[in-house]
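See structure below.
Everything numeric in this text was worked out from a predicted model, so none of it was measured.
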Amino acid sequence: MSTGQLENADWPLFGWVDDIRAPLAQALHLGRPVALATLYKVEGSAPRGPGAQMLFVEQGQNAPEITASGYFSGDCIEGDVASHAAMVLADGEPRRLHYGAGSPWIDIRLRCGGALHVLVERVAAGSTAAADLLRHAEARRSCRWHSDGIAQKVTADHGPLLDLAEEPFSLIRRHDPPRRLIVSGGDPGALAAAQLAAMAQFETILLRPDGPVEPPPFPVSRYMRADPRTALEELGVDRWTAYLGATHEDHHDLGGCLAALRGGAGYVGMIGAKSRAAARIGALEAAGATAEELARLNLSPGVTGLGKAPWEVATGIIAEIMQALNPARERA
């Protein structure tokens, strides 16, 4: 099995993948087992924290190669982890890998110092645990992956991001629903926010009430032409969802914001001039919004000082959303 494409890759775009569930679903759909690698302990400084994951899939029959999703160190260890993943796929035996200080592989150096500890385990194509993991994601429920490297199961719960026992070894890794952004609007700023979110691997839904029949000219998870309030009722809202009202039409944006606030969205914002804020607050109060709900509403959202061009405004809003959807600062 060749893993050379991961070693000193010219364009390591595999590192853009942060959530291994999408490539896992694709591999299982094709009937292929995978090797799941979890960074379970970090000593000293490192680019990623405990809980970061990579997924390795064997591609092809005649000249099999390993493809990867995710990253741990920014090119220090990914190629070697891939080599071990190939062995795990071949023999089914899990590996616990130790890189950096105290490692048996003194020729693999970590630029940032410290040490990284990784579990690599095989997940069968017919794995019940893997199917449960994907089922919870589809239903937008938190769950946790339990494994000792061989026995694997998934439970629906909201425990810590990572629980670890050294002897006997076991780890539990929580998976929350995918981060989702619902954008209503069709001006350059709204479209920039939707495209940036999609590039950042949010589940991105673009709403344009009575908008063009043709979908947007860039990939999104879903395009809908419904009124925001109606669309949010259909989609459902949770704390891993952000809503951005950007139609600049209050009868659309206010209804969408109120539905998002009442649904417990993790972030709710509405683009518009600050001079309109008081009237909008008054309209929401008249519609029954509570003081607690209004306190969670972001009017004129985004990071100030970046500029007013569409990409600048969108960048500030996406950054604000990322912070809001990471309240416990657990992103690995």
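With Asp238 as the fixed residue, the salt bridge (Lys or Arg N to Asp or Glu O under 4.0 Å) test singles out one of Arg141, Arg179, Arg140: Arg140.
No donor-acceptor distance shorter than 3.5 angstrom exists from the side chain of Asn298 to the backbone of Pro301, with no hydrogens or angles considered. Judged by distance alone, with hydrogens and angles left aside, the side-chain atoms of Glu78 form a donor-acceptor pair with the main-chain N or O of Phe72 at under 3.5 Å. Looking only at distances, a side-chain donor or acceptor of Arg296 sits under 3.5 Å from a matching main-chain atom of Ala265. Of the possible donor and acceptor atoms, one in the side chain of Ser83 sits under 3.5 Å from a partner among the backbone N and O of Gly79. Under a 3.5 Å cut-off, the side chain of Asp253 and the backbone N or O of Thr247 do form a donor-acceptor pair.
Side chains of Arg32 and Gln59: a donor-acceptor N/O pair is present below 3.5 angstrom, by distance only.
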Does the pair Thr241 and Tyr267 meet the rule for a side-chain hydrogen bond (donor to acceptor under 3.5 Å, both in side chains), with working shown? CA-CA 7 Å; Thr241 298; Tyr267 179 93; over 6 Å; no
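A ring pair (Phe, Tyr, Trp, His ring centres under 6.0 Å) check over residues 132-173, counting only residues at least two apart or in different chains, returns the pairs Tyr40-Phe169.
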Enumerate, atom names and distances included, each donor-acceptor pair closer than 3.5 Å involving a side-chain atom of residues 189-200, sequence neighbours excluded.
none

Side-chain donor/acceptor pairs under 3.5 Å, residues 213-223, sequence neighbours excluded:
residue : atom : partner : partner atom : Å
Ser221  : OG   : Thr204  : N            : 3.1
Arg222  : NH2  : Glu234  : OE2          : 2.6
Tyr223  : OH   : Pro212  : O            : 2.6

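Other residues, nucleotides and ligands place more than 12 heavy atoms under 6.0 Å from the CD atom of Glu166.
Under a cutoff of 6.0 Å and an axis angle of 45°, Arg180 and Phe202 do not form a cation-pi pair.
Linking Ile, Leu, Val, Met, Phe, Trp and Tyr residues whenever their side-chain heavy atoms come within less than 4.5 Å places Val268 and Leu235 in a single cluster.
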